[in-house]
Amino acid sequence: QASFALRELGIESIMVNSNPETVSTDYDTSDLLFFEPLTTEDVLNIWDRLQPDGAIVQFGGQTPLNLARGLEQAGVKIIGTSTDMIDAAEDRKRFQQILEKIGLRQPPNGLAVDALGAREIAKSIGFPVLVRPSYVLGGRAMEICYDEASVHRYMTEAVNVSPDRPVLIDRFLEDAIEVDVDALSDGTLTLVGGVMEHIEEAGVHSGDSACVLPPYSLPPSVIEEIKQATYSLAKELKVCGLMNIQFAVKHIDGEHQVFILEVNPRASRTSPFVAKATGISLAKIAAKAMAGVSLAEQGVTTEFVPQHTSVKESVFPFTRFAGVDIILGPEMKSTGEVMGIHQEFPVAFAKAQIAAGTKLPSSGTVFISLAGRHKYSIIPAAKQLLEMGFKLAGTSGTARVLREAGLEVETVRKLQEGRPNLLDHMANKQIQMIFNTPSGKGARSDEGRIRAAAVMSGVPCVTTLPGCLAVVQALIALKKTPHPEVRTLQEWGQCQ
């Protein structure tokens, strides 16, 4: 899209891509195409040979962003957001100063260069904490630690730590709603392209979360606060082009509080989703803005909120890895994405599940085994499942809570309690769906075996509470509308 935009302006473009698959079918998209590794040296070889006017680093994820400083030092002009501002968003201390200056919140955090320092920081900001190396790709080596022992183990076994490579420690906001925002700016005017509410709670990597555009449960006042924070950050970081911000919204003392998790001054993985959901190509508009054509000159001066709901769902490769635990966390595991569109959220979510290859059952038994804090939250949804004609089964703890609420539920033995247990029920095709949220710290071997067996048996398994609640809504919607209508993206665009 960026290449198309530059061509419309009469500018020749050179694309450097280390993955031949992504552009093998569109080899003539740009004027010149190089299949080269994205390293400073390889890019500079092309630069020396062709002497272009500048380089855009915003359209290749984190990798080209990390090259920006080296390229600039070698004399390459970085087009769009400056290298200094890219660094300000990446550098923990500078970013904290920016947030304090414009009055925005972030979770309590610190930097540690050794195990002792990490334990002290974790103790001072409070457990649970999210620990991660600086400058990571795809959430690699991120972990949620619930006590000092797990922080110590992480620092001594999981990562190489040094003063040059500190570990970031953030207070982990449990049961918070994560929100992604894609915005574009020409340096003067900033517009929000889309506000996406994640279905999975904060702590699941944004690439693995299902998300909804526009948000389906956030009040308008919170959405407005998120937009104002976006405008402030774009102005302070002098953004020219695209930016992505990840927020967490947590209910504290009766009110929603908005926290900034991170800012990426580049296109994110959600940009194509936003473009398809709204019919507006953010990358195309941003490329023209970086080339000096203002948003006003492009006729793009107002924000667009679609009248329909779009749901992005992640696709996972778990069926190819026998025995792997499918629990979602800070490390990204998905290998693709699909989307579902409909007027109403439940049907859009159901379509996204179907597209992702999840066969939602229309009858049978749903097995429920949830972590302590989730058991009571599932009661209304469990009641709806019974009303739809499903049967309920659960481990002793969850079954007891559901029974106390007046619901009929069969108790299934835990794996260590003998047979027949859940694995036997699955082998006999007696379970059609599993709701199983992890119980936090401690051994997860039983839970892990259950989830791995579910994948190998082809039984849909939902591992987060918001995911469970959304699935129940989708099942209700499919009861009313077994065959939701199908429209092209163009037709959805005309419905606005």
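FYI, side chains are in, hydrogens and waters are out, and symmetry mates aren't considered; it's all heavy atoms of this structure.
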Fill in: Residue pair I341 / K351, side-chain heavy-atom distance below 4.5 Å
no

Worksheet item: Where do G467 and V462 come nearest, in terms of heavy atoms and distance?
Response: C-CG1, 3.4 Å

Worksheet item: Counting N and O atoms only, with roles assigned by atom type, does the side chain of E313 sit under 3.5 Å from a partner on the main chain of A355, one being a donor and the other an acceptor?
Response: no

Worksheet item: Would you find more than 12 non-hydrogen atoms of other residues, nucleotides or ligands less than 6.0 Å from K276 atom NZ?
Response: no

Worksheet item: Side chains of S294 and D186: donor-acceptor distance under 3.5 Å anywhere?
Response: no

Worksheet entry | Test log, rule salt bridge (Lys or Arg N to Asp or Glu O under 4.0 Å), inputs R153 and E143 | CA-CA 11 Å; R153 185 201 55 74; E143 206 172 294; 2.3 Å; yes

Discussion item. Is the shortest side-chain heavy-atom distance between R269 and E337 below 4.5 Å?
Written reply: yes

Item to complete: Please report the shortest heavy-atom distance between F127 and C145, naming the atom on each side.
Response: CD2-O, 3.6 Å

Discussion item. I'd like to know if the side chain of H342 and the backbone of E344 have a donor-acceptor N/O pair within less than 3.5 Å.
Written reply: yes

Practice prompt. Would you name the heavy atoms of S206 and E178 that are closest together and state the gap between them?
Written response: CB-OE2, 4.2 Å

Practice prompt. Supply the atom-to-atom distance I144 CD1 to F172 CZ, rounded to the nearest 0.5 angstrom.
Written response: 4.0 Å

Worksheet item: Which atoms form the tightest heavy-atom contact between A371 and T437, and what is the distance?
Response: N-OG1, 2.9 Å

Worksheet item: Is there side-chain contact between V471 and M433, with heavy atoms separated by less than 4.5 Å?
Response: yes

Fill in: Derivation of the side chain to side chain contact (heavy atoms under 4.5 Å, CB included) call for R451 and N436
CA-CA 8 Å; R451 292 188 286 262; N436 176 231; 2.7 Å; yes

Worksheet item: Can you list the steps and then say if M290 with Q58 is a side chain to side chain contact (heavy atoms under 4.5 Å, CB included)?
Response: CA-CA 10 Å; M290 285 187 265; Q58 289 187 23; 3.5 Å; yes

Item to complete: Please round to the nearest 0.5 Å and tell me the distance separating atom OG1 of T188 and atom CG of L295.
Response: 8.5 Å

Item to complete: Could you tell me the separation between the NZ atom of K123 and the CD1 atom of I169, rounded to the nearest 0.5 Å?
Response: 12.5 Å

Worksheet item: Just wondering, do M243 and S185 contact through their side chains at under 4.5 Å, heavy atoms?
Response: no

Discussion item. Which residues pass the side-chain hydrogen bond (donor to acceptor under 3.5 Å, both in side chains) test with K101, not counting sequence neighbours?
Written reply: E236

Item to complete: Identify the two heavy atoms, one from V76 and one from A55, that lie closest to each other, and give their separation to 0.1 Å.
Response: CG1-CB, 3.8 Å

Item to complete: Dump the intermediate steps for side chain to side chain contact (heavy atoms under 4.5 Å, CB included) on F259 and I252, then the final yes or no.
Response: CA-CA 12 Å; F259 295 84; I252 300 173; 4.1 Å; yes

Worksheet entry | Candidate pair F345 and Q473, rule side chain to side chain contact (heavy atoms under 4.5 Å, CB included), full reasoning | CA-CA 9 Å; F345 164 70; Q473 285 190 52; 3.8 Å; yes

Worksheet item: So, T83 side chain and R69 main chain: donor-acceptor pair closer than 3.5 Å or not?
Response: no

Worksheet item: Are there more than 12 heavy atoms of other residues, nucleotides or ligands under 6.0 Å from atom CD of Q96?
Response: yes

Item to complete: May I ask you to decide if G187's main-chain N or O and K238's side chain share a donor-acceptor pair within less than 3.5 Å?
Response: no

Discussion item. Can you tell me how far apart OG1 (T40) and CD (E72) are? Round to the nearest 0.5 Å.
Written reply: 12.5 Å

Worksheet item: Is the side chain of K375 donor-acceptor paired with the backbone N or O of L370 at a distance under 3.5 Å, no angle test?
Response: yes

Worksheet item: Can you find a pair of side-chain heavy atoms, one from F34 and one from D42, that are under 4.5 Å apart?
Response: no

Fill in: Criterion salt bridge (Lys or Arg N to Asp or Glu O under 4.0 Å) on D170 and R132, from CA distance to verdict
CA-CA 9 Å; D170 296 85; R132 54 184 166 150; 3.5 Å; yes

Worksheet item: Sub-3.5 Å donor-acceptor pair from the side chain of Q246 to the main-chain atoms of N264, do we have one?
Response: no

Discussion item. Does any part of the side chain of T309, heavy atoms only, come nearer than 4.5 Å to the side chain of Y216, both counted from C-beta?
Written reply: no

Discussion item. Under 3.5 Å, is there a donor on one side chain and an acceptor on the other for D208 and S334?
Written reply: yes

Worksheet, complete the sentence: In this structure, CD1 of I46 is separated from CD of E41 (nearest 0.5 Å) by 11.5 Å

Worksheet item: Okay, side chain of T395, backbone of G397: is any donor-acceptor separation there less than 3.5 Å?
Response: no

Worksheet item: Is the closest side-chain donor-acceptor distance between E197 and S217 under 3.5 Å?
Response: yes

Worksheet item: Say you draw a straight line from CG of N45 to OG1 of T39; how long is it, rounded to the nearest 0.5 Å?
Response: 8.0 Å

Response to the item:
From the list D182, T230, I223, I226, side-chain contact (heavy atoms from CB on, under 4.5 Å) with V192 holds only for T230

Worksheet item: Can you find a heavy atom in the side chain of F59 that is under 4.5 Å from one in the side chain of L242?
Response: yes

Fill in: Side-chain ion pair, D84 and R94, N-O less than 4.0 Å
yes

Item to complete: Grab the two heavy atoms, one from A350 and one from A474, that are nearest each other, plus how far apart they are.
Response: CB-CB, 3.8 Å

Discussion item. Has T81 got a side-chain atom pairing as donor or acceptor with G241's backbone, closer than 3.5 angstrom?
Written reply: no

Practice prompt. For the pair R266 (side chain) and N244 (backbone), establish whether a donor and an acceptor sit closer than 3.5 Å, ignoring hydrogens and angles.
Written response: no

Item to complete: Could you tell me which residues satisfy salt bridge (charged side-chain N to carboxylate O under 4.0 Å, His left out) with E100, sequence neighbours excluded, listed by chain and number?
Response: none

Worksheet item: Are side-chain N/O atoms of S150 and D147 paired as donor and acceptor at under 3.5 Å?
Response: yes

Worksheet item: Any side-chain heavy atom of V57 sitting closer than 4.5 Å to one from L67?
Response: no

Worksheet item: Has the side chain of Q298 got a donor or acceptor atom that lies under 3.5 Å from a matching backbone atom of V293?
Response: yes

